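Numbering starts at 1 and runs along the sequence shown. Both backbone and side-chain heavy atoms feed into the values below; hydrogens, waters and symmetry mates do not. All values derive from a computational prediction rather than experimental measurement.
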Amino acid sequence: MPVTLSFKLEQTTAHEQAELSSVFERFGCESLDTTTFRYPALATGNEPSTPEDWFNHVVPALMLFRSYVLAQRLIVKTFTLDAHSSTGYRCGAEIGSPPLRAENIRLRAAPTGKQSPDRTDAAEEEQRWSALEDWLDASDFPLSHIN
């Protein structure tokens with residue numbers, strides 16, 4: 001079953017909205033409007049339906065949303081995450097996926113919305129999104145000194 005995320009931010013720019021849309025789409029969410037996303041995206045005739053992967057798609061998208069809001073000093077007016085879902089990982093049964101390194105996570109090739117009017121170079125766009133993979137791999141447990 002799908003997960004639906006919606007939010008309202010106070011006084012955001014079109015650029016900030018486009019940034020957030022691109023992030024959610026990159027993690028496999030379908031944009032229902034500028035502030036509502038569905039995971040997984042509905043399968044089209046061209047793309048088969050894939051199992052939900054919370055470890056490698058939903059959780060990182062939510063982490064990045066939170067990080068972005070804090071970094072940009074945005075004010076969240078409302079936030080809703082509706083999940084009528086069951087997902088998991090079972091190693092022995094080959095069900096689901098464990099937490100993976102970024103190189104092993106299937107991110108969408110490109111978000112459907114244009115990031116910004118001045119970003120048209122494909123190589124520049126790919127370099128920009130490779131930073132997303134770097135971020136995924138750099139996320140570290142902050143209390144690593146605890147045994």
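- Rounding to the nearest 0.5 Å gives a distance of 4.5 Å between CG of Asp53 and OG of Ser97.
- A side chain to side chain contact (heavy atoms under 4.5 Å, CB included) with Phe7 holds for exactly one of Leu20, Thr36, Thr80; it is Leu20.
- For the residue pair Gln17 and Thr12, a side-chain donor N or O sits within less than 3.5 Å of a side-chain acceptor on the partner.
- The backbone N or O of Leu42 lies less than 3.5 Å from a partner atom in the side chain of Glu30, making a donor-acceptor pair.
- Nearest heavy atoms, Pro60 versus Trp54: CD-O, 3.9 Å.
- Checked by atom type and distance alone, the side chain of Glu16 pairs as donor or acceptor with a backbone atom of Thr13 at under 3.5 Å.
- Rounded to the nearest 0.5 Å, atoms CG (Leu100) and CD1 (Ile105) are 5.5 Å apart.
- For the pair Tyr39 and Gly28, the tightest heavy-atom approach, listed with the atom from each and the gap, is CD1-O, 3.7 Å.
- Within 6.0 Å of atom CD in Gln11, 12 or fewer heavy atoms from other residues, nucleotides or ligands are found, so the atom counts as exposed in its surroundings.
- Cluster annotation: Leu74 is connected to Val76 through the hydrophobic network of ILVMFWY side chains, with a link wherever side-chain heavy atoms come within less than 4.5 Å.
- Under the 4.5 Å side-chain heavy-atom criterion for ILVMFWY residues, no single connected hydrophobic cluster contains both Phe24 and Leu32.
- Within the 4.5 Å cutoff, no side-chain heavy atoms of Glu52 are placed close to those of Val58.
- You'll find the ring centres of Phe65 and Phe79 inside the 6.0 Å limit.
- Residues Leu9 and Ile75 are members of separate hydrophobic clusters, defined by side-chain heavy-atom contacts under 4.5 angstrom among Ile, Leu, Val, Met, Phe, Trp and Tyr.
- Remark: side-chain polar atoms of Asp137 are paired, donor with acceptor, to backbone N or O of Ala102 under 3.5 angstrom.
- Separation of atoms CE (Met63) and CG (Leu136) is listed at 7.0 Å; rounding is to 0.5 Å.
- Distance check, rounded to the nearest 0.5 Å: CD of Glu133 to CG of Asn104 gives 10.0 Å.
- Scanning both residues, Pro2 and Pro40, for their nearest heavy atoms gives CA-CD, 4.2 Å.
- Distance OG/Ser31 to CZ/Phe37: 4.5 Å, rounded to 0.5 Å.
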